[in-house]
Amino acid sequence: MTHCSVGQKDDRERKVETMEKYLPKYVPVFTLLALSGLLFLLWNITSLESWNCQTASTFYQLQNSIQSVLKTSEFLLPVEFNYSFCAHLGQEPSAEEAREENYLLKSIAWPEPSILGLPLRQSSDPAQSYYTIQDPGELQVGGQFVVKVQMQNFLGQPKKHGGDFLVARLHTPELAAGVAGQVYDHNNGNYTVFFPLLWAGVVQVELTMIHSSEAVMVLKRLREEQSDRVFFKSLFRSGYLSETTLCNLCLPLKQQPLCNYTDPQTGEPWFCYKPKMLDCDTRINHSKGGYKKHLLTVNESQFFHSGVNIKIPIHSAGVDNVTVLPASKVRTKGKHLKFTPSGYYYQGSWKPLSGVVMRQFNGSSVITQCLRGKMVYMYGDSTVRQWYEYLIAHVPELKEFNFHSPKNVGPYMAVDSNHNILLRYRCHGPPIRFTSVFSAEMHYISNELDGLRGGSNTVVVISIWSHFSTYPVQVYIRRLRHIRRAVIRLLNREPATLVLIRTANLQKLDPESSMFNSDWYSQQLDAVLRAMFKGLNVQLVDAWEMTLAHHYPHQLHPPPDIISNMLNFVLSHICPVRRKRRQG
Ligand SMILES: *[C@@H]1O[C@H](CO)[C@@H](O)[C@H](O)[C@H]1NC(C)=O
Ligand SMILES: *[C@@H]1O[C@H](CO)[C@@H](O)[C@H](O)[C@H]1NC(C)=O
Ligand SMILES: *[C@@H]1O[C@H](CO)[C@@H](O)[C@H](O)[C@H]1NC(C)=O
Ligand SMILES: *[C@@H]1O[C@H](CO)[C@@H](O)[C@H](O)[C@H]1NC(C)=O
Ligand SMILES: *[C@@H]1O[C@H](CO)[C@@H](O)[C@H](O)[C@H]1NC(C)=O
Ligand SMILES: *[C@@H]1O[C@H](CO)[C@@H](O)[C@H](O)[C@H]1NC(C)=O
Ligand SMILES: *[C@@H]1O[C@H](CO)[C@@H](O)[C@H](O)[C@H]1NC(C)=O
């Protein structure tokens, strides 16, 4: 159901009429357009040559030309808006929701430098920054290890404020072992990193500056002031008439009326400009419109240089490795640790520390045995679609049902009727930057969850983060609030339902992708996700640590080695080992 257009009184009445009924009204307009289309065809005779005239009918060409004329309208140009404008468009949060929102926003508040607009030479330079290993003493498995970081600027002077976005891992290449470290910002240019010691051997520190504090301030500005820097569009069509207009979570009113696609169940807002000729109910599909350009001033863009200040290693002022001895008998494992990771890699396999016994599902028959009788519902972005694809690729008995879905969009479904396995994937609702999603297939995860019976044979997997990176965090909080409510309802109906949530992961960044997909944005959303699902009976799959601890370069879509570890973890939860065994 859609609610039509602000400022057009007769829309509601018109909507109840069928398209056929009022189309005749547009016949003169249509004829005019057809004529202008013909003129357009003749005028653009050169571009015609590239068309395949033999197969396309004249009428089809005519229709195409009409679309081309309409597509050039100013409707498709991104428009300026800011979040204070958008805020009143969505539903008002209740007092309790506002309290939680404030708490969450405070918990992810990022330190700001006292002076904004520092020139490049005074900004953080990873090449001149360094770390030192704190007097390690005798290191043993089960203990921890501390590294001090001193950030410096391009002039080689110590930084006086915090806010640099640093990540760290400790690893032993020969053992294919790795673990994430925890970075603490002292807000004076110094940082401390804590590493847990989980295996014996020579361990090496790897410290990376993802962005300088100066760059983070720019990303923060973009998030508030340019939340439409990724924009969307929808195709509207009725008969031979079609139009494309701009869509987003919120749109300034300008002169054009809006189509209001606010979800009646959740109140999640979504708008498109109303097409000139067509009704709001004629929306066919949704797609990514594009990415805005020229977002940065010349000064700001200096903070985003590949090879200079995006994802650059920080080196040690002395040694970069230490030797860890096996645990002595007296030492109790895990005591006094400042930071407990969710797991680590050893011999290339993820070893969770959450208590679950990790099993290796290394063949189609083991996976099939595990999934026997299960219904697995996957919802979200392409990072969970990868899991669906992994299972399809590794279990030949799972036959994909062909929905004629657009490539990489879905929805997808696969069935193994011999073993009674159902596997489904569906993308989350807007904002979604997919190439083309049919409007009829744009469903919100929370509404989907409300349609599940649940039970011990139902597995729900959710991954929703990447497409929210360009919006103020409030937008993500609202979305998660709706999903969390639906998860609670589901677990209340059927407490035996297994719900897994995949967290955000790190990715490859260059100056442009940083504007839209920076790990800094992901990390902010991820912190919110973890806080909002804390204490609920859901299992987090820590994609953040699994990509940070691994030796592979960061990628939005992690490579197969990481995916197989994620799936082994997921399957280990679906088919847990009953008898408590010692972990290998
Ligand atoms: C944001 O939009 C509101 C409402 O249109 C306007 O009053 C305000 O000045 C804008 N703020 C910025 C920073 O552009
Ligand atoms: C850009 O940087 C230069 C050099 O540091 C400075 O003189 C200028 O004022 C800056 N421009 C803006 C708009 O901040
Ligand atoms: C930061 O660390 C460096 C090197 O360890 C030290 O010399 C300096 O005093 C520290 N600065 C502050 C403000 O603590
Ligand atoms: C859009 O529709 C929703 C729900 O019907 C309504 O609450 C909201 O005020 C509408 N927004 C605008 C801008 O018309
Ligand atoms: C550890 O560091 C020392 C001193 O920098 C170096 O000589 C040695 O090769 C390193 N060992 C490994 C295994 O990287
Ligand atoms: C799968 O792993 C088990 C032990 O975890 C091993 O015995 C078996 O050979 C492996 N199978 C394949 C096909 O790799
Ligand atoms: C939208 O739907 C139309 C008609 O089905 C299709 O031709 C088009 O490729 C789809 N995608 C976009 C981005 O318009």
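Start at 1 and go down the list; that is how both ligands and their atoms are numbered.
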Salt-bridge contact [X]-[Y] (side-chain N to carboxylate O under 4.0 Å):
X: Glu101; Y: Arg481; result: yes
X: Glu112; Y: Lys220; result: yes
X: Arg229; Y: Glu224; result: no
X: Glu243; Y: Arg237; result: no

Quick check: does any side chain N or O of Gln140 sit under 3.5 Å from a backbone N or O of Pro326, one acting as donor and the other as acceptor?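 A pair under 3.5 Å: no.
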Between Arg485, Arg484, Arg478, which is the residue that forms a salt bridge (Lys or Arg N to Asp or Glu O under 4.0 Å) with Glu97?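 Of the listed residues Arg485, Arg484, Arg478, the salt bridge (Lys or Arg N to Asp or Glu O under 4.0 Å) partner of Glu97 is Arg485.
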Yes or no, since that's all I need: does a protein heavy atom fall within a distance strictly under 4.0 Å of atom 11 (N) of ligand 5? yes
For Thr262, take its heavy atoms, then give the atoms of ligand 4 lying under 4.0 Å from any of them.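 Taking each heavy atom of Thr262 in turn, ligand 4 has 1 (C), 2 (O), 3 (C) under 4.0 Å.
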Residue, atom name and distance, where the atom is the protein heavy atom closest to atom 13 (C) of ligand 5: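 Checked against all protein heavy atoms, atom 13 (C) of ligand 5 sits closest to Val202 CG1, 3.7 Å.
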Just need the protein heavy atom nearest to atom 5 (O) of ligand 5, so name the residue and atom and give the distance. Val319 CG1, 4.0 Å
Given [options], which one has a non-hydrogen atom that is nearest to [atom]?
atom: atom 1 (C) of ligand 3; options: Thr192, Thr132, Val149, Asn190; result: Asn190
atom: atom 3 (C) of ligand 4; options: Asn260, Leu258, Asp263, Leu251; result: Asn260
atom: atom 14 (O) of ligand 5; options: Asn321, Val322, Thr323; result: Asn321

For Glu96, is the CD atom crowded, meaning more than 12 foreign heavy atoms sit under 6.0 Å from it? no
Take every heavy atom of Gln150, measure it against each atom of ligand 3, and state whether any distance is under 4.0 Å. yes
Would you say Tyr130 has any N or O atom under 3.5 Å from an N or O of ligand 3, going by distance alone? no
